[in-house]
There are 2 protein chains.
Amino acid sequence: MSVAIENFVKAIYSNNLQDHNNTKPGNIAKKLGISNAAATDMAKKLAAKNLLHYEKYQALQLTDKGTKLALNVVRKHRLWESLLFKMFDMSLHEIHREAEFLEHETSDFLADKISEYLGHPKFDPHGDPIPNANGEITTEDTSISLAQAVEGKAYVISRLISDDEEFFDFCQHNGLKFGNTVFIKKQFSKTKMTQVTVFNNTLLLNEDFTNIIYVNEIE
Amino acid sequence: MSVAIENFVKAIYSNNLQDHNNTKPGNIAKKLGISNAAATDMAKKLAAKNLLHYEKYQALQLTDKGTKLALNVVRKHRLWESLLFKMFDMSLHEIHREAEFLEHETSDFLADKISEYLGHPKFDPHGDPIPNANGEITTEDTSISLAQAVEGKAYVISRLISDDEEFFDFCQHNGLKFGNTVFIKKQFSKTKMTQVTVFNNTLLLNEDFTNIIYVNEIE
DNA sequence: ATAATTATTTAAGCATACTTAAATTTTAAT
DNA sequence: ATTAAAATTTAAGTATGCTTAAATAATTAT
């Protein structure tokens, strides 16, 4: 499968996780930086390859084959991130940027070597689960977004779901890091802002942030 | 530059090393597994991009820009081979196979990280020199091919210039390995065969082999 | 030197993955 | 319910990197 196809199914896969399986060509076009027309075009082609179900004006649904392909690419992406993060002094944004290309040129053989070397990690440096060699995500995810977190409680950051350099920079500079503890000070229902503390740092986060920072409750 | 272009200039570069700067479209076509027509076509396109000098029916000559691009890709290829060889239990053929793809999707930034991690190695696991970040090969190569070696003398294997799995398997099974000592027993001028010993192993090698096994004289 | 072989080039065509512009359908607003 | 806005689709066109077939030039053999 080509790079374009791999990126297309990957985009559908990740978009459907957030967007309640209501991903349409326009969403993918925006994600991939291509025109809506190109996305529609590709959707038809992939339907012919049995990678997704396509019906005019309807949401794009990956077939089992399509999901497997997406998870195979996601696996390679996250394994590369894990390897680069462990070996080199690279930021979350940098490992993502490199993995975005390497993921398409990695044989299953090499992916397994990387996984083995790392001791078959279950999560990447962002906290995202790494699918196994069969394309299955076995670890159940009990984390919630900061937006769903409850005032007055403390949580451990488990995932930072983003590709954005500025976001990672912000997190880096404010202690919003995988494993760190955040305390939810106050939630403002009207503005949808959330005030949190990380160590001695107090932050006011808007929806854009609270939706992509995932946390686990502290027992 | 695209993968096709990178492979094209790389093929010219490596072919010109062996073929005395007499590389024509047909040679490249054969190397890359494309038609002669496609090679001629590409040569014209790359001339327009100032990557090579093209004149009808003449040999293809890389420009400085073309050579720099080729060496940049070669650098990445050999750094990947070095990294994969060091970290994983992979054969010379396997590291080559993977590097062939990874080389095109590696930023200069990542290449430098790999180089740094490895302590800026001068040679890859095949014994081939690794160009530096400026695309220069600083180490002078004093090695000669086994075909040029002298009867009765002992040499140390310094390079195995090949992409071929079977060749590597043969070498593996017969002690023809980077760093090992070979003794030139007898050369047959008519058949161009060479009889050598490696440890207690006696081998009769034809031209195909003696031309791609490089050695250094023992002082 | 000439003929035969081989290599190169030209020409026409194809698949992939995009583009823009226009038409159509859906969704949202009033 | 009707209109306005937004999204989707269709249609036509483009660049890249190939293909095969035919024409042309260069090389090799006799």
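Proteins come first, then strands; the chains are lettered A, B, ... in the order of their sequence lines, and each starts at number 1.
Of the listed nucleotides (dC18(C), dG17(D), dT10(D)), dT10(D) has the atom at the smallest distance from the side chain of Lys56(A). Which of dA17(C), dT10(D), dT8(C) sits closest to the side chain of Ile5(A) comes down to dA17(C). Residue Ser35(B) places its side chain closer to dT19(D) than to any other of dT19(C), dT19(D), dT10(C). Listed nucleotides: dT8(C), dT9(D), dA17(C). Nearest to the side chain of Met42(A): dA17(C). The side chain of Ala37(B) approaches dA11(C) more closely than any other nucleotide in the set dA11(C), dA17(C), dC18(D). Comparing dT10(C), dT20(C), dA26(D) by their nearest atom to the side chain of Tyr57(B) picks out dA26(D).
Along DNA chain C, the nucleotide closest to Asn36(A) and the one closest to Gly26(B) are compared, and the more 5′ of them pairs with Gly26(B). Residue Glu55(A) is the one, among Glu55(A) and Lys45(B), whose nearest nucleotide of DNA chain D lies closer to the 5' end (criterion: closest heavy atom).
With no hydrogens or angles considered, no side-chain donor-acceptor pair links Lys68(B) and Thr63(B) at under 3.5 Å. No side-chain donor-acceptor contact under 3.5 Å links Ser91(A) and Gln172(A). A donor-acceptor pair shorter than 3.5 Å can be found between the side chains of Asn7(A) and His104(A). Side chains of Glu81(A) and His77(A): a donor-acceptor N/O pair is present below 3.5 angstrom, by distance only.
Applying the salt bridge (Lys or Arg N to Asp or Glu O under 4.0 Å) test to Arg159(A) and every residue at least two apart in sequence or in another chain returns Asp128(A), Asp141(A). Scored by the salt bridge (Lys or Arg N to Asp or Glu O under 4.0 Å) test, Glu100(A) finds Lys10(A) as partners (sequence neighbours excluded).
Annotation: the terminal axes of the helix from dA1(C)-dT30(D) to dT30(C)-dA1(D) meet at 10°, where each axis is the rotation carrying the C1' atoms of four end pairs onto the next four (5 pairs per end, rounded to 10°).
Counting non-hydrogen atoms under 4.0 angstrom, Ala4(B) reaches the backbone sugars and phosphates but no base. Residue contacts shown for Tyr54(B) are limited to sugar-phosphate atoms, with no base heavy atom under 4.0 Å away. Residue Ala39(A) is classed as having no contact, given no heavy-atom separation below 4.0 Å to the nucleic acid.
Looking at Lys113(B) and Asp108(B), no side-chain N of the basic residue comes within less than 4.0 Å of a carboxylate O on the acidic one, giving no salt bridge.
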